[in-house]
Amino acid sequence: MFDIYRGPVFDMARKQFSQAADVLEIPQDERDRLLYPKRAVAVTCPIHRDDGSTVVFEGYRVQHHLTLGPTKGGVRFAKTVDIGEVAALSLWMSWKCSLMNLPYGGAKGGIRVDPYTLSPRELEALSRRYMQELIPFVGPHTDVMAPDIGTNEQVMAWFMDTYSNDAGCTVTEIVTGKPVSCGGTQGRREATGKGVTHLISRAAEEIKLNLNGATAVIQGFGNVGSVVATELHERGTKVLAISDHTAAYHDPKGLDIPAIIKYVEKHGVLKGYSSEILTDPKKILTIKCDIAVPAAIERTVDEHIAKELQCKILAEAANGPTTIEADAVLAARPDKIFIIPDILCNSGGVTVSYFEWVQDLQQFFWEEEEIINRLKKLMDKAFYRVIALAKERGISNRLAATCCGLERVHQAKKARGLFP
Ligand code: GLU
């Protein structure tokens, strides 16, 4: 059924769904309704290149379910984007929003493009064209976009401006992750990374690890990984290794994170920072440390990496970093690694997006302190619910988190009934 949703990423999400549906004993005939996306839109986005030629990019938006409110999720600009990947990411957004008790279903969007090959003018044209094509299918109460890999505050500002020009008035609540100057919220940019670090500190309490003096490695140095590095560094954790798509560095004495952040602010990427401490990016997560943070893309922790991990905490800042096969390896390891599963670990981003949406709808804005406090409260609630369920049922933290997310959607669908 629905063989448009193909590929390893969707297969992985589908298997995670089955595992959780089995634990929750969801009847077989109710499963397809919970698994498959409600809507999937494919668009062609033509733009003029700077040299005057015309080029067409393929874009997608998948809205997983509309049971709890609007759909919510990021838009990614990346070479690897396809509809199977976008659909899988929309499922994970659904479970994440539900786990955090947000009034949303999941969505995800993407354009198959390497954004680094576009000029600033071409990037603006493509961003605007994508939103223009999707105007009939999105809205503040239908589907609310946000940043993801390859997009940022500026792209969100163009999305909002394009939608607003069509509406004839400013509609700030159509996207989240905007600049603060045009309806964005305090704290959104750092929210995912701060949330990840907050849960690392909770996990550390559970396994009695002192973050001051602990060691960490981080794969991915974008908006999430760089904030986690800074936050851990400020707590006295030595960051031994980091990587992005251009370079990887390892220093057993601990990296100078403030200096690297300054370098990346200037140059955009890690490449060129040092030639002495270069290391193999594929090996970064398996370096001996207390905390390993995959903060890049899906499926970077496969069964081989899972066997070689030497950490005590695996904090999944990326979406879907650990494959099903790797999960099985991790479950069988005698030295249990404390896993903070992705839909819990990186939920700080969408939670502060929710705060942004609420503030925009009310045109009443909060202080950063209030935002961070509310974020920590919601994340704590979800964290302790997940680890309690995992203990009670003797299941992994991932399965427990997926069950928490899925259960609420299942109950809401049952209560609302099936029309007509
Ligand atoms: N792209 C982010 C995620 O995967 C944020 C989504 C949002 O803020 O809506 O969670």
Side-chain angles (χ1 to χ4, degrees), residues 9 13 60-65 68-78 81 85-111 115 134 138-153 155-156 159-160 172-179 183-196 199 220 222-225 227-228 294-298 315-321 340-361 371 375 378-379 382 401 405:
V9 191
Y60 300 100
R61 184 74 180 166
V62 177
Q63 300 169 345
H64 181 227
H65 74 82
L68 296 170
T71 51
K72 185 83 193 78
V75 178
R76 105 174 8 180
F77 289 179
V81 162
E85 182 195 44
V86 174
L89 288 158
S90 80
L91 262 65
W92 290 328
M93 282 309 300
S94 279
W95 305 334
K96 187 183 323 188
C97 291
S98 169
L99 170 64
M100 296 307 289
N101 247 319
L102 309 180
Y104 296 136
K108 205 76 172 200
I111 302 181
L134 285 166
V138 298
H141 297 283
T142 311
D143 182 14
V144 181
M145 296 178 183
D148 198 80
I149 292 169
T151 57
N152 55 21
E153 290 182 3
V155 172
M156 295 307 115
F159 282 175
M160 189 275 272
T172 53
E173 59 272 29
I174 183 61
V175 296
T176 60
K178 303 177 292 295
T185 184
Q186 299 292 339
R188 175 63 185 86
R189 195 184 307 154
E190 305 81 17
T192 313
K194 283 196 174 171
V196 169
L199 291 192
N223 182 42
V224 181
V227 174
V228 177
I297 51 166
E298 304 92 66
E316 296 184 346
N319 289 311
I340 316 174
D342 55 354
I343 59 170
L344 173 65
C345 192
N346 68 34
S347 62
V350 71
T351 303
V352 176
S353 274
Y354 164 63
F355 297 158
E356 180 173 337
W357 180 70
V358 166
Q359 292 171 79
D360 284 340
L361 286 170
I371 286 160
L375 171 66
L378 289 185
M379 292 194 84

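Every number for a ligand or one of its atoms is a count from 1 in the order of the listing. Here the structure is a predicted model, which is why all the values come from computation and not from measurement.
The nearest non-hydrogen atom to atom 6 (C) of ligand 1, considering only G106, G74, G348, comes from G74. Distances from atom 2 (C) of ligand 1 to the heavy atoms of P147, G349, A191, G177 put P147 nearest.
At least one heavy atom of K108 lies less than 4.0 angstrom from ligand 1. At least one heavy atom of M93 sits less than 4.0 Å from an atom of ligand 1.
Only the side chain of N319 comes within 4.0 Å of ligand 1, judged by heavy-atom distances. With a heavy-atom cut-off of 4.0 Å, K96 touches ligand 1 through its side chain alone. Under 4.0 angstrom from ligand 1, there are no non-hydrogen atoms of E356. Only the side chain of R188 comes within 4.0 Å of ligand 1, judged by heavy-atom distances.
The structure places CG of L344 at 6.0 Å from CE of M379, a figure rounded to the nearest 0.5 Å. Between the CE atom in M160 and the OG1 atom in T176 there is a gap of 12.0 Å [rounded to 0.5 Å].
Here the heavy atom of the protein found nearest to atom 7 (C) of ligand 1 is A146 CB, 3.3 Å.
Of all atoms in ligand 1, numbered sequentially from 1 with element shown, those under 4.0 Å from a heavy atom of G73 are 9 (O). Atom numbering of ligand 1 starts at 1 in the shown order; those under 4.0 Å from a heavy atom of S353 are 7 (C), 8 (O), 9 (O).
Contact check on E298 versus R76 returns a salt bridge, with a Lys/Arg side-chain nitrogen under 4.0 Å from an Asp/Glu carboxylate oxygen.
Between N346 and the choices T192, N319, T351, the side-chain hydrogen bond (donor to acceptor under 3.5 Å, both in side chains) rule is met once, by N319. Partner of V138 under the side chain to side chain contact (heavy atoms under 4.5 Å, CB included) criterion, chosen from V175, D143, T71: D143.
Close N/O approach between K72 and ligand 1 is found [any backbone or side-chain N/O within under 3.5 Å].
Atom CD1 of I297 has 12 or fewer neighbouring heavy atoms from other residues, nucleotides or ligands inside a 6.0 Å radius.
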Before giving the answer on side-chain contact (heavy atoms from CB on, under 4.5 Å), spell out for K72 and L102 the whole-Å C-alpha distance, their side-chain angles and the decisive distance to 0.1 Å. CA-CA 10 Å; K72 185 83 193 78; L102 309 180; over 6 Å; no
Show, in sequence, the C-alpha distance, side-chain angles and deciding distance for N223 and N152, and conclude whether the side chain to side chain donor-acceptor pair (under 3.5 Å) test is met. CA-CA 9 Å; N223 182 42; N152 55 21; over 6 Å; no
